[in-house]
Protein chains: 2
Amino acid sequence: MKDIARQAGVSQSAVSFALNGRPGVSEDTRDRVRRVAEELGWRPSTAARALSGEGAATVGFVLARPAETLGVDSFFLQLVSGIQEVLAERHLGLLFQVVEDVEDECDVYRRWWAEHRVDGVLVVDPRTDDPRTGVLDELGLPGVVIGGAPDERHPGLSTVWADDAGAMAAVVDELYALGHRRIVHIAGLPGLAHTERRIRTLRAEAERRGLTGVKSVTTDYSDAAGAAVTRRVLEWSAPPTALIYDNDVMALAGVAAATELGHSVPGDVSVVAWEDSALCRMVKPWLSALSRDSVEFGRTAATELTALLDGGPARTVRVPVPRLIVRDSTGAARGT
Amino acid sequence: MKDIARQAGVSQSAVSFALNGRPGVSEDTRDRVRRVAEELGWRPSTAARALSGEGAATVGFVLARPAETLGVDSFFLQLVSGIQEVLAERHLGLLFQVVEDVEDECDVYRRWWAEHRVDGVLVVDPRTDDPRTGVLDELGLPGVVIGGAPDERHPGLSTVWADDAGAMAAVVDELYALGHRRIVHIAGLPGLAHTERRIRTLRAEAERRGLTGVKSVTTDYSDAAGAAVTRRVLEWSAPPTALIYDNDVMALAGVAAATELGHSVPGDVSVVAWEDSALCRMVKPWLSALSRDSVEFGRTAATELTALLDGGPARTVRVPVPRLIVRDSTGAARGT
DNA sequence: TGACGGAGCTGAACCGCATTAGTGCATACT
DNA sequence: AGTATGCACTAATGCGGTTCAGCTCCGTCA
């Protein structure tokens, strides 16, 4: 900036005003300064900016998963890709970190805050009784909870959520109409907000219809767990006729396991995957799946965060309900 | 630091010396300062550190892929996870960005450099005639090329690579021993260094054995491409008896396509996937696959980068050759 | 005609740290 | 006793921006 100032024949403050669109310089001077800056290929040092109170121009994203369970999951990359689209426009950086668990995640937030590394964070995989929201509150760090429940409001935290309850109800509707009465839901990690929401909704829907053979089983999202649970439930004396898997990986593993045990899909058992991806069309039969636009989800979350950083109010935003794409893995229940 | 200085009854410089392990303070004072700092929960502001010439304590990672092709790919998350392990230890941040193509990636490097945002970068998916290495050279930005060819050396850039050639040779050995003479390699993106290396090796191996029915076809790594190429080549008058897919996703799609056309795996055609993941054990038959430790790959790359940041020399490091895990998708060629 | 005000610009302080050039004091040496 | 040496520490400076309190010049209005 000193160089620009010299070359444009003005003071450094004038350069600052000119380049930041602040009043205090004539349009004439502003143009001249801009040209010189352009010519010199000037870019503001984020460090210097951050130091003089402008914020770090960076948002944080922590993934709390042990390395091993970072398996085949298209969701996160797509989410991040959507987030990036929005952040890149505003020249905001994305600081990314993988940790083991939410406790570590809280530490990361604390550190980032103390080091002035980020202006805000994106929180994924919200849980019931999540310690992270409290920490963010305490630090006064703006954040957007992705996939959070709309009820647990924290001042300063926005929430972007998908209507899991509505989607689950739709799936049950569909299966019920096909004659299914015994349904098992192979859920994801217990304690995750959306897992619990899906489980609650399934139970409510079952009760509403007086179904007793409906159950949720939590897992760690792994293909191994999906296969194991599938084998177990199919050996019940009254096995389920429909299976709802909380991700595509488990659904695939489940179908393989069921087939191996001699159960045909969808003849003996129908399968629905919660998360549509290329995987669902890579096996026979093609899997019926709940489809949502993860990239758009990311865009929405990032947009909310930028709004928060601009001083906007915390909001709760709902993204479209996941749609059930009916393919070949769902059919009429045996005997109907 | 001012607060610490006051509370410890020393000057701010003494605090700086004490906390950075520099000489100039007594052990006594050092301890006292450390305790006060601990008590106050002090963390150095990265912005201030960066400003006073210490570097940004951050490394950059750019993924140049259009959003759509960020499909089911476990490789990158695992790689990043390994990178993180090493970086987290040293309290280095990872600035992550997704862009459309390498040109944009170069721009990102330029911007990061000008903004003093990163101290070094990790470059993935190196290409033949890659513009990025030139840009990094020009900027003097330390970098590690992940998966690069060992021959294209650039001063200041380290390279971490897997021996694709050796792995390809091993695969051909295995298939040849099983009696396969017509082999098609469904490769990844043309222009990627490792794609070209695999193609070259396959051609060389074929020539060495006098095989004429050996061919590589490049794709965009998508399941759709994998399926399409599979269908096309299986309809040749002399169809291949073995298929090598450059990733697991295409292999899966390929098996599905082949089965659909009435070709049994491995009866009519053997299949090898380049990249082992849970996917390979989620279909019947289980896929034979080349397995490598992507997490370790990431660790190695990050370690090289930290060495570079510490002022070490640029090096070329080889990670272990991918191992061929023989499962059920490979068998004797028909008629042998 | 002189007080007033605003537009356009400058100088200096400041953000939080690292670093360098001193400063004061005790100890070792001649 | 006088001087060189070393140690523990302080004061001052700079990194690259932003910001705020002036300052000057010029037009306006009573």
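Computation of the quantities below employed the complete heavy-atom set of this structure, encompassing side-chain atoms and omitting hydrogens, waters and symmetry-equivalent molecules.
A donor-acceptor pair is defined here as one N or O able to donate and one able to accept, closer than 3.5 Å; no such pair exists between the side chain of A:Thr316 and the backbone of A:Thr159. Checked by atom type and distance alone, the side chain of B:Ser294 never pairs as donor or acceptor with a backbone atom of B:Phe75 at under 3.5 Å. A distance-only check finds a donor-acceptor pair linking the side chain of A:Asp130 to the backbone of A:Arg127 [under 3.5 Å]. Put simply, the side chain of B:Arg30 gets close to the backbone of B:Arg22: a donor and an acceptor are under 3.5 Å apart. Under a 3.5 Å cut-off, the side chain of B:Asp119 and the backbone N or O of B:Ala56 do form a donor-acceptor pair.
Listed by chain and number, the residues in a side-chain contact (heavy atoms from CB on, under 4.5 Å) with B:Arg111 are A:Arg43, A:His91, B:Gln97, B:Val108, B:Glu115 (sequence neighbours excluded). The side-chain contact (heavy atoms from CB on, under 4.5 Å) test applied to A:Asp28 returns A:Ser26, not counting sequence neighbours. With sequence neighbours left out, A:Arg299 forms a salt bridge (Lys or Arg N to Asp or Glu O under 4.0 Å) with A:Glu85, A:Glu296. The ring pair (Phe, Tyr, Trp, His ring centres under 6.0 Å) search around B:Phe17 returns none, not counting sequence neighbours.
A heavy atom lying under 4.0 Å from DNA chain D marks the following residues of residues 26-37 of chain B, by number: B:Ser26, B:Thr29.
First and last contacts of DNA chain D with chain B, using any nucleotide atom under 4.0 Å from a protein heavy atom and ordered 5' to 3', fall at D:dA8 to D:dG16.
Sequence neighbours left out, the pairs with a member in residues 24-61 of chain B that pass ring-ring contact (aromatic ring centres under 6.0 Å, His included) are B:Phe61-B:Phe96. Among pairs with a residue in residues 100-148 of chain A, none fulfils ring-ring contact (aromatic ring centres under 6.0 Å, His included), at least two apart in sequence or across chains. For the side-chain hydrogen bond (donor to acceptor under 3.5 Å, both in side chains) condition, the pairs that include at least one residue of residues 46-61 of chain B, sequence neighbours left out, are A:Arg117-B:Thr58, B:Asn20-B:Arg49.
A:Cys106 places a side-chain heavy atom less than 4.5 Å from the side chain of A:Arg110.
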- [ ] Classify every nucleotide of nucleotides 22-28 of chain C by which part a protein heavy atom approaches to under 4.0 Å, writing B for the base, S for the sugar-phosphate alone and - for neither, in 5'-to-3' order.
- [x] -------
- [ ] At under 4.0 Å between heavy atoms, which parts of nucleotides 12-21 of chain C does protein reach? Answer with one letter per nucleotide, 5' to 3': B base, S sugar-phosphate only, - none.
- [x] B--BBBBBB-
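Looking at A:Arg90 and A:Asp310, a side-chain N of the basic residue comes within less than 4.0 Å of a carboxylate O on the acidic one, giving a salt bridge.
In the helix from C:dT1-D:dA30 to C:dT30-D:dA1, the end axes, each obtained as the rotation axis mapping the C1' atoms of four pairs onto the next four within a five-pair block, lie 60° apart to the nearest 10 degrees.
A cation-pi arrangement is not found for B:Arg65 relative to B:Phe76, the charged atom failing to lie both closer than 6.0 Å to the ring centre and inside a 45° cone about the ring normal.
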